[in-house]
Structure formats: structure tokens, C-alpha cells
Amino acid sequence: MTSAAASRRRPRTPLWAGRNYSLLTAAAVVTNLGSHGALIAAAFAVLDAGGDGGDVGLVAAARTLPLVLFLLIGGAVADRLPRHRVMVAANALNCLSQAAFAALVLAGEPHLWQMMLLTALGGTGQAFFSPAAEGMLMSSVDGEQAARAFAVFRMAMQGAALGGAAVGGAMVAAIGPGWVLAADAAAFALAGALRAFLDVSHIPPRAPGGGMLADLRDGWREFAGRPWLWSIVVQFSIANAVVGAADAVYGPLVARDHLGGAGPWGLALGFFGAGTVAGALLMTRWKPRRLLLAGTLCVFPLALPSAALAVPVPVGVLCTVMFVTGVTLEVFGVSWMTALHQEIPEDKLSRVSAYDWFGSVALVPLATALAGPSESAFGRTASLWGCATLVVVMTAAVLCVPDVRNLRRRSRQVAQGGGSESADAERPVGGLG
């Protein structure tokens, strides 16, 4: 009976998976199910309306441009206001913009400027949501179990992305992009409702500051003082730009011309999602001592999908390449989140996250807008090989930064020094995506 009573008292979830963590994970699953299908739907909505690769790039750039413009403001707002309220407001804006986009597509032939405007509203919502969400997630887990918590969160999120991409591609092929966009709007509504129940009472009230500009300067000092942080952000400013152009513009075009359309492209993206799930599962067990060295070495395969599209390889080979890329990129993702949680103080998490996001996406609008002209000037194959080459060069360059090679995971014993602080106490170590 004692054993049975103990069994009844044993929690069904790990101790680190508290209420906030569970709500954040559930909401992330819902939004990823919708948004990854919607990415495919938006590209094919443009193509179905008579657009070309340049028009697909313009719509993709229209989403990213306001993301770049408002990210830093979004980070400052998220460190000043309750983060869950910022997240809910952003989800509401995304819901309304996607619903309007869906209505336009279902009603007839949408104009390019209309699709760009509505996509830009979605990017604005993302600019305020992302820093708040990252800060909220990092404050919802304790230091000792942070790496495992991040890996499980990303595994759930990427599993939803897997399903969303595969189902979204199939739905676009079967019933058209409009209904996929409508499903994404519904997903944002449900996710916003879940995030409304987040509890921020554990986060100490922010001390009155000197205003928005002072907050931004404070975040910049935190960001610029860590070489491992800004160097990797610079790396990903290039890598994300060229990979974003390949995925948003060249991928759908190669799929249309050589692979059979939206279905095979959605399947390939689904295999990438499966790889990220496998990578996150790996990271629930593997804890590399040199966090960023292991993570950065795993960024090199990010060049493979662009190279595979340049050939182009058969669908089966492309799916294999996408799976391997997903596994290795997730090793970087979990290592990166663990490093941020370990090094950045809680009251600056959203601002540092905003600078991280800003640097990582700043060049994406330019790259996606230039994808069409680049294809016209150099050809699609040469443009894709250029994307792959830039990823390799930037990843090799960042390994020259000593802090990237040497930043180590802190054990509980080392961090405590005999005291009571946790292993990943959210204190800066002076000197870092």
C-alpha cells in the first residue's frame, strides 16, 4: 500500500514541466501546426494568382521587413510589460491578418500589394511576439534542467512543424492555399487563448527605467559585450538570409518545375521537421561540454539543402538531406538556448533576444527580394550554389572566435561554489543567438 500511495503521489510530468512551461509548449504546438502549412500556402497563393519567383520573394520580404523594423522595440516592450500580454496581443494581430489573407484568396484573385500588406501585419506581430516568447520560456524553467526542458520544448514544437508542413503541403495540393491560411488564423486564435493563462507573478517587477532608448542601450551593452553572442548572430544574419531565400523562393520553384508541385515540397519540409524532432530527442540525452563548439560544427550541413536544390536531386534524396540538416541544426538550437539561459540575466532576456533576432533576420528581406533578380542574372542553379557556399564560409569564420570554441556548460558544482545558486544562475559572465 505504501508503494501504491507513493505511485499515486508521483507527478505525471517532470518537476521542471510546470504550468507555464506546459502552456507555452501546447501553444507552440498549435501555432507551428498552422504556420508551417501557411508558409507553403502563401508561396503557392502568389503563384496561383499569376506571380513569379520575384513576386514570391516580395511577399516573403514584406513579412520580414517589419519584423526587422520592430524587433528591438518589441524586446524593450517585453522586458517592460507583462510578457504574456505582449504575446496574446501579437497572436491576435497574426490571427486577423491571416484571416483576411485567407478571405482574399478564397474570394478570387488577390492583388500582390494586398498580400504584401497582410503579410507585413503578420511580421509586425511576430516582431513583438518573439522576444516576449523567448524571455517567457527561459524564465519558466530552472537552471539545472534547462537544457532538457529546451530540448523537449523544441521537440514538441518541431514535431508540430513536421505535421504542419506535410499536411499543409497536401492540403494546398488538394483544396488550395486559402483554406490552409484560414486554418492558420484559427491556430493563432487558440494559441493566444492558451497564452492568456500564463502566470508572471514569479517574475520580479521591473525597476523604473529611463525610457525606451535607455532600455535599448542597456540591451545593446549586454549584447555587444559578449563576442560569442554577436559573432554567431552575424554568422546567422548571412546564413538565414540565403537559406530563407532558398526555402521561400527557389524551393517552391524547383518543386513546381522538377519535383511535382506543392506535395513533394511539403514532404521535404516535413522530413526537415522530422530531423529536428530527432535532433531534439538526441539533445535530451547529450549534453556537450563545449556548447557552442558542438553547435556551430553542426551548422555546416545547413548548406546541403541549397546544394540539393541546385542539382536538383530526386525527391527521396532531398528528403534525406533535409532530415540530416534538421538533426544537426537542432543540436545548435538547443545548445544556443542553453547558453543564453546560462549567461543572460532574466530582466534582460527579451532585449538580448531582440538583438539576436534582429541580427539574424535583418538581411532576410533583402535576400528574398533579390532572389528573383538573382535568378534572372545568374540562373537558379548558380544562385543556389552561392547560397550553399555562403553558409559554409560564415560557419568556418565564426569558429575563429575563441569564445565560440571555449564557452563551456557550467556544472551545478562549479556554479554554486559551495553556495546555493543553481548551475545556470541567470547572471552574466562578462564577456556571447
Side-chain angles (χ1 to χ4, degrees), residues 13-14 16-40 67 83-84 87-88 90-91 94 122 125-126 129-141 145-169 183-184 186-195 198 236 240 243 247 266 269-285 295 298 302 322-323 325-341 349 353 356-357 360-361 433:
T13 58
W16 45 262
R19 180 172 178 268
N20 276 2
Y21 179 88
S22 299
L23 285 171
L24 288 166
T25 303
V29 166
V30 170
T31 50
N32 273 267
L33 280 171
S35 62
H36 280 74
L39 289 174
I40 303 171
L67 179 61
R83 289 177 180 138
H84 69 310
M87 296 166 70
V88 171
N91 284 164
N94 285 127
Q126 188 70 23
F129 173 83
S130 295
E134 192 156 321
M136 193 74 200
L137 175 65
M138 291 187 185
S139 69
S140 70
V141 296
Q145 296 293 335
R148 179 168 293 179
F150 296 147
V152 172
F153 174 85
R154 292 177 67 94
M155 182 168 58
M157 185 176 66
Q158 303 294 5
L162 162 65
V167 174
D184 189 36
F188 275 117
L190 177 56
L194 290 172
R195 288 165 176 142
L198 291 168
F236 271 87
N240 284 342
V243 171
D247 286 351
L269 294 177
F271 268 83
F272 176 82
T276 60
V277 173
L281 181 62
L282 169 65
M283 293 304 286
T284 63
R285 297 294 182 184
C298 287
L302 188 59
M322 296 290 274
F323 180 84
T325 304
V327 172
T328 56
L329 194 59
E330 198 62 19
V331 174
F332 171 81
V334 174
S335 299
W336 181 245
M337 291 187 72
T338 305
L340 285 175
H341 182 272
L349 279 172
S353 174
D356 174 13
W357 273 85
S360 297
V361 304

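Because only heavy atoms are used, hydrogens play no part in the values below, and waters and symmetry mates are left out as well, while side chains stay in.
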Heavy-atom closest contact (Thr284 atom, Ala151 atom, distance) = CG2-CB, 3.7 Å
If you take all heavy atoms of Gly125 and Ala90, which pair is closest and at what distance?
-> O-CB, 3.2 Å
Nearest 0.5 Å, what's the CZ-CG distance between Arg154 and Leu281?
-> 14.0 Å
Could you state the interatomic distance from CZ (Phe323) to OG1 (Thr328), rounded to the nearest 0.5 Å?
-> 10.5 Å
Which value, rounded to the nearest 0.5 Å, describes the distance between Leu67 atom CG and Phe129 atom CZ?
-> 12.0 Å
Please lay out, stage by stage, how Arg285 and Arg148 fare under the test side chain to side chain contact (heavy atoms under 4.5 Å, CB included).
-> CA-CA 8 Å; Arg285 297 294 182 184; Arg148 179 168 293 179; 4.1 Å; yes
Of all the heavy-atom pairs spanning Met337 and Phe150, show the shortest one and how long it is.
-> O-CE1, 3.6 Å
Separation between OG of Ser22 and CG of Leu198, rounded to the nearest 0.5 Å | 10.5 Å
Sorted by chain and number, sequence neighbours left out, side-chain contact (heavy atoms from CB on, under 4.5 Å) with Val167 holds for Met171
Starting at CG of Leu24, measure out to NE2 of His84 and round the result to the nearest 0.5 Å.
-> 11.0 Å
Listed by chain and number, what are the ring-ring contact (aromatic ring centres under 6.0 Å, His included) partners of Phe236, not counting sequence neighbours?
-> Phe332
What closest approach, in Å, do Pro131 and Ser353 show between heavy atoms, and which atom pair accounts for it?
-> CA-OG, 3.8 Å
Option from Thr31, Asn32, Val29, Thr276 for which side chain to side chain contact (heavy atoms under 4.5 Å, CB included) with Met157 holds | Asn32
Partners passing side chain to side chain donor-acceptor pair (under 3.5 Å) against Gln126 (at least two apart in sequence or in another chain) = Ser130
Starting from the C-alpha separation in whole Å, work towards a yes-or-no answer on side chain to side chain contact (heavy atoms under 4.5 Å, CB included) for Phe188 and Val30.
-> CA-CA 8 Å; Phe188 275 117; Val30 170; over 6 Å; no
Minimal non-hydrogen separation, Gly34 against Ala187, with atom names = CA-CB, 4.3 Å
Test log, rule side chain to side chain contact (heavy atoms under 4.5 Å, CB included), inputs Ser335 and Met283 | CA-CA 8 Å; Ser335 299; Met283 293 304 286; 3.7 Å; yes
From Met87 CE over to Glu134 CD, what is the distance, rounded to the nearest 0.5 angstrom?
-> 11.0 Å
Considering non-hydrogen atoms only, spot the tightest contact between Val88 and Gly192 and give its length.
-> CG2-O, 3.5 Å
Residue list, side-chain contact (heavy atoms from CB on, under 4.5 Å) with Thr325, at least two apart or on another chain = Phe272, Leu302, Leu304, Pro305, Val321
Which residue pairs satisfy the side chain to side chain donor-acceptor pair (under 3.5 Å) criterion with at least one member in residues 186-195, sequence neighbours excluded?
-> Asn91-Arg195
Kindly write out the residues that satisfy side-chain contact (heavy atoms from CB on, under 4.5 Å) with Leu39, not counting sequence neighbours, or none if the list is empty.
-> none
